[in-house]
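Both ligands and their constituent atoms are indexed starting at 1 by order of listing.
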Amino acid sequence: MAEPKTVTITDNATGKSVDYTILEGTHGAPVIDMQRLAADFGYFCHDPGYTTTSSCRSAITFIDGNKGELLYRGYPIEQLAQESNYLEVCYLLLYGKLPDQTEWESFNRAVRQHTMVHEGLRRFMNGYRHDAHPMGMLVGIVGALSTYYHDSLDIQDPEHRELSALRIIAKMPSIAADCYKYSIGQPYMYPINSLGYVENFLQMMFAVRAEPYVPNPVAVRALELMLILHADHEQNASTSTVRLAGSSGANPFACIAAGIATLWGPAHGGANEAVIRMLNEIGDARHIRKFVDRAKDKDDPFRLMGFGHRVYKNFDPRAKIIRQACHDLLNDLDSSHSNQPLFEIALELEQIALKDDYFIQRKLYPNVDFYSGIILSALGIPLSMFTVLFAMARSVGWIAQWMEMLVDKEQRIGRPQQLYVGAARRDYVAMDDRG
Ligand code: SDX
């Protein structure tokens, strides 16, 4: 067996040199195993934002930021978007393989058994202010699941872990739809388990008891695509939060609630809502240049929402797929659709930004959030629900990563170091002696 590759670190102050092993994965950049650095040299690594730090071994998702490639368990996102459906992608992310017919039917049945939420949670939800942001409601309700479902909280029990995963996947659409219904003052709908996953969600969102409701198949396909594209994405901020929370032994619902809270930020999952607000503020293609110049101005906090990415230094493959789906959906629904102008501004903005040196030099391309809001808006999803949809889709990624972390022998409680730059040690001074 070939000797492992190493790098040597030498402390020039002492002349001490130590070899550190280079770990190679299936794809992507190798990593240096730095776990012994402090023991060998008394130094820690300083890496704010973990931009060059690998936090774990994972077999779930792979991104090549330079190529603009995204794989779920090795399958290219373009093929899954074209051929698969969200619930099959859930199975793939959870179990590492595409299901055979028997596995597929069993998984479908298992998910359907858990689509309803305890009635007490609806009383809980009714305590929110009428104008509460649905993401604030979602964080609270999902965290509260742990106070209802006590029979799946033993994280050391594989069956409890799997039951929690099924509950999260099955109940997120019901909870998300309840958040929407509550925010518009309409009565809650109940899941209809004879419907598919996305049809069921759309009927819980948009059906009213007084009228029959048949989901538009064009909307179903567009939303299915959105859920697939947002299902997982390596160690992004919210997934890293779920893993960190899980590393302390917290129950799965508390960990997912922590992920939802992190996703809410406009630099992360809240960007889809921020993009629409930005496109509406731009209002007309003639104003685009002014906003692009603002985004480049260091003295202006404004950033081009939906642009840039920590990993992708090329097109986010999900943005490419969603841009085409936007085009198809707006054509299918109605070319005079109110979102057509927003889509046209987005296309023009993309063209201008991609030709601008500032964006070219920094390799800033449209990311998944740049077009997703246009699709969601065209489907009648209100702005305040955009990140809720992102959280609903990403829940399977979070819970799959949480499950992987719990069986990873390398993992222990997450506890980063710091560089202390505060006051040097000093003694307490009594009030009368303070200057
Ligand atoms: C998601 O991690 C994931 O995988 C996330 C995600 C997922 O699926 O989980 O893909 C989902 O969160 C997508 C990102 C959505 N956020 C946005 O669209 C918000 C706008 N984007 C930026 O805030 C930013 O690009 C980030 C947060 C996405 C990435 O930030 P980084 O990696 O910390 O980059 P940076 O801030 O160091 O920027 C590098 C340079 C800076 O300029 P200089 O200091 O070098 O002169 O690029 C500039 C930044 O000012 N820059 C931008 C910009 N994004 C970066 N300038 C203007 N507009 C922008 N959008």
Side-chain angles (χ1 to χ4, degrees), residues 28 47-55 58 60-65 68-72 77 81 89 93 135 226-243 259-279 282 288 290-322 346 349-350 352-354 356-374 386-387 389-398 400-401:
D47 182 20
Y50 313 115
T51 48
T52 59
T53 293
S54 158
S55 62
S58 182
I60 299 174
T61 295
F62 173 72
I63 299 169
D64 183 322
E69 181 181 52
L70 169 58
L71 309 177
Y72 288 167
I77 193 65
V89 166
L93 291 170
M135 278 299 280
M226 295 293 288
L227 297 181
I228 291 171
L229 295 176
H230 286 78
D232 194 49
H233 213 238
E234 287 192 359
Q235 305 312 315
N236 58 84
S238 52
T239 298
S240 298
T241 300
V242 170
R243 278 177 168 262
I260 294 169
T262 306
L263 188 75
W264 197 357
H268 189 13
N272 51 22
E273 184 179 335
V275 165
I276 295 295
R277 294 187 192 284
M278 175 185 74
L279 293 175
I282 291 173
I288 288 175
K290 181 180 75 173
F291 281 83
V292 169
D293 292 342
R294 280 189 58 195
K296 295 156 61 177
D297 178 356
K298 288 300 162 213
D299 297 327
D300 188 329
F302 174 78
R303 283 195 162 184
L304 218 48
M305 301 316 283
F307 257 78
H309 199 276
R310 174 59 58 80
V311 178
Y312 289 121
K313 300 309 169 190
N314 194 326
F315 249 96
D316 180 337
R318 303 168 297 177
K320 278 185 186 171
I321 295 168
I322 293 179
L349 174 54
E350 175 189 323
I352 291 174
L354 292 182
D356 187 297
D357 278 345
Y358 174 93
F359 292 85
I360 294 168
Q361 285 162 12
R362 292 166 179 81
K363 298 183 179 179
L364 303 176
Y365 290 85
N367 59 51
V368 67
D369 293 298
F370 189 62
Y371 289 105
S372 57
I374 296 170
F386 284 12
T387 312
L389 270 282
F390 193 154
M392 187 172 100
R394 185 55 57 87
S395 296
V396 65
W398 288 330
Q401 298 267 355

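Taking any N or O of Leu304, backbone or side chain, at least one lies under 3.5 Å from an N or O belonging to ligand 1. Polar contact check, Phe307 against ligand 1: a nitrogen or oxygen pair lies under 3.5 Å apart. Among the atoms of Asp316, none of the N or O lies under 3.5 angstrom from an N or O of ligand 1. The shortest N or O to N or O distance between Gly306 and ligand 1 is under 3.5 Å.
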Give the intermediate values and the outcome of side chain to side chain contact (heavy atoms under 4.5 Å, CB included) for residues Met305 and Arg277. CA-CA 9 Å; Met305 301 316 283; Arg277 294 187 192 284; over 6 Å; no
Decide yes or no on side chain to side chain contact (heavy atoms under 4.5 Å, CB included) for Thr239 and Glu234, but give the supporting numbers first. CA-CA 7 Å; Thr239 298; Glu234 287 192 359; over 6 Å; no
Mind running side chain to side chain contact (heavy atoms under 4.5 Å, CB included) on His233 and His309 for me, showing each step along the way? CA-CA 12 Å; His233 213 238; His309 199 276; 3.6 Å; yes
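Of the protein's non-hydrogen atoms, Lys298 NZ, 3.9 Å is the one closest to atom 44 (O) of ligand 1. In terms of protein heavy-atom proximity, atom 33 (O) of ligand 1 is closest to Arg310 NH2, 2.8 Å. Given atom 14 (C) of ligand 1, the protein heavy atom at minimum distance is Asn367 ND2, 3.5 Å. For atom 19 (C) of ligand 1, the nearest protein heavy atom (residue, atom name, distance) is Met305 CE, 3.5 Å. At the shortest separation from atom 15 (C) of ligand 1 among protein heavy atoms lies Asp369 OD2, 3.2 Å. Here the heavy atom of the protein found nearest to atom 52 (C) of ligand 1 is Leu364 CD1, 3.6 Å.
Distance check, rounded to the nearest 0.5 Å: CZ of Arg394 to CG of Leu389 gives 13.0 Å. In this structure, CZ in Phe291 is found 8.5 Å from CE in Met278, a value given to the nearest 0.5 Å.
For atom 27 (C) of ligand 1, the choice among Ala319, Pro301, Ala267 with the nearest heavy atom turns out to be Ala267. Selection from Met278, His309, Arg294 by nearest heavy atom to atom 5 (C) of ligand 1 gives His309. Among Arg303, Arg362, His268, His233, the residue whose heavy atom sits closest to atom 49 (C) of ligand 1 is Arg303.
For the residue pair Ala295 and Phe359, the shortest heavy atom distance occurs at CB-CZ, 4.2 Å. Here the shortest heavy-atom pairing between Val275 and Asp369 reads CG2-O, 3.5 Å. Heavy atoms only, all atoms of each residue included: Thr387 and Gly269 are closest at OG1-O, 3.3 Å. Heavy atoms only, all atoms of each residue included: Leu354 and Pro366 are closest at CD2-CD, 4.0 Å. Heavy-atom minimum distance, Gly259 versus Thr241: N-CG2, 4.3 Å. The shortest non-hydrogen separation linking Ile374 to Ala346 is CD1-CB, 3.8 Å.
Not a single heavy atom of His230 sits closer than 4.0 Å to an atom of ligand 1. Proximity of Arg394 to ligand 1 is established by a heavy-atom distance of less than 4.0 Å. Every heavy atom of Gln235 sits 4.0 Å or more from the atoms of ligand 1. For Tyr358, the closest heavy-atom approach to ligand 1 falls below 4.0 Å. Ligand 1 is never approached by Val311 to a heavy-atom distance shorter than 4.0 Å.
Taking a 6.0 Å sphere around OH of Tyr358, one finds it holds more than 12 heavy atoms contributed by other residues, nucleotides or ligands.
For atom 37 (O) of ligand 1, no protein heavy-atom neighbour is found at a distance under 4.0 Å. For atom 58 (N) of ligand 1, the protein comes within 4.0 Å by at least one heavy atom.
No donor-acceptor distance shorter than 3.5 angstrom exists from the side chain of Ser238 to the backbone of Thr262, with no hydrogens or angles considered.
Separation of the Tyr312 and Tyr365 ring centroids does not fall under the 6.0 Å cut-off.
Shown in contact with Ala271 at under 4.0 Å from a heavy atom are these atoms of ligand 1, numbered in order with element: 15 (C), 16 (N), 17 (C), 18 (O). Of all atoms in ligand 1, numbered sequentially from 1 with element shown, those under 4.0 Å from a heavy atom of Asn236 are 2 (O), 3 (C), 4 (O), 5 (C), 9 (O). For ligand 1, the atoms lying closer than 4.0 Å to a non-hydrogen atom of Gly308 are 25 (O), 28 (C).
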